[in-house]
Amino acid sequence: MSFVKRSWFAFDWDGTLVDCRGRQTAVLRDVLSRISGVSIDPDAWWRRKTEGLSTHQALIEAGIIPTVASAVTNSWVAEVENENWLELDVVHPQALPALEVVLAHGFSPVVITGRRNAEGARSQILKSSIGRLVGEIWVVNPVGAASLKGEFLTQNKVNVFVGDTESDFFAAQAANAIFGGVSSGQRSANYLSSVGVARIFSDVHAAVTALIPLLLPSIEVSE
């Protein structure tokens, strides 16, 4: 469904508004233990992911043999969105002031996220400490998330998108929207820069503070 409204200010969820590192590493430890009995340094695994590696590639780099890495990755993907694990996500401390700034300037925050379990994503967002400030929640399949997010941004005439991955950046490019990348999530500042992101910020509040002035002269807010 398309909500044509020029006042949307879009945010990614995982890594941008919430810290998902604890959940992802906890699921990894659990799955590795059950499948192989092997343990790795979860912090090193996470750092590899922030430099652009996939879950599977980061396991290979950590010394896990390919067959085991494939099995662990499949189980990790299947379990990482389970409700009990989602409870480990923590809203970034900068998220609330960021959304308040957006609202104070007359824009309406929308979250667009890639999740396999759409209802689980919506439930998590609405139950969070910032859920009351979110105007809409758009959930797309993480497979092909860049193009799917780009379609939502285009259809709803969203002019700005803040996210933490190259997928978010490519979505904004497809929609001809201003993109703000945050390095406090799933990709490092160095990696975001390497894929062409020009505006990179330490956190979501810093991104909003810098991007709002770019929007005010050009956005005609519609009711």
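Computed over heavy atoms, backbone and side chain alike; hydrogens, waters and symmetry mates excluded.
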Tell me whether [X] contacts the main-chain N or O of [Y] through its side chain, where contact means a donor paired with an acceptor under 3.5 Å.
X      : Y      : result
Asn141 : Val143 : yes
Ser188 : Glu51  : no
Asn74  : Ser70  : yes
Arg23  : Val80  : yes
Arg187 : Lys49  : yes
Ser123 : Glu119 : no
Thr209 : His205 : yes

[atom1]-[atom2] distance between [X] and [Y], expressed to the nearest 0.5 angstrom:
X      : Y     : atom1 : atom2 : result
Leu28  : Thr73 : CG    : OG1   : 8.5 Å
Gln124 : Glu81 : CD    : CD    : 9.0 Å
Trp46  : Leu53 : CH2   : CG    : 12.5 Å
Trp76  : Thr25 : CH2   : OG1   : 10.0 Å
Leu59  : Ile65 : CG    : CD1   : 11.5 Å
Gln57  : Arg48 : CD    : CZ    : 12.0 Å

Any side-chain heavy atom of [X] sitting closer than 4.5 Å to one from [Y]?
X      : Y      : value
Phe152 : Val110 : no
Val18  : Trp13  : yes
Trp138 : Trp8   : yes
Lys127 : Leu86  : no
Leu32  : Trp45  : no

If hydrophobic clusters are built from ILVMFWY residues whose side chains come within less than 4.5 Å, do [X] and [Y] share one?
X      : Y      : result
Val31  : Val77  : yes
Trp85  : Val139 : no
Leu96  : Val208 : yes
Leu126 : Val90  : no
Ile130 : Ile212 : yes

Tell me whether Asn176 at atom CG has more than 12 heavy atoms from other residues, nucleotides or ligands lying less than 6.0 Å away.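 Counting other residues, nucleotides and ligands, CG of Asn176 stays at 12 neighbours or fewer.
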Heavy-atom pair with the smallest gap, counting every atom of Ile60 and Pro66: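 Nearest heavy atoms, Ile60 then Pro66: CD1-CA, 3.5 Å.
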Work out which heavy atom in Val182 is nearest to a heavy atom in Val162; give both atom names and the distance.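 Minimum heavy-atom contact is CG1-CG1, 3.9 Å.
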Testing Gln186, His92, Gln24 one by one against Asp19 for a side chain to side chain contact (heavy atoms under 4.5 Å, CB included), which residue passes?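 Only one of Gln186, His92, Gln24 forms a side chain to side chain contact (heavy atoms under 4.5 Å, CB included) with Asp19, namely His92.
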Presence of salt bridge, Arg47 and Asp43, under 4.0 angstrom: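 No salt bridge links Asp43 with Arg47.
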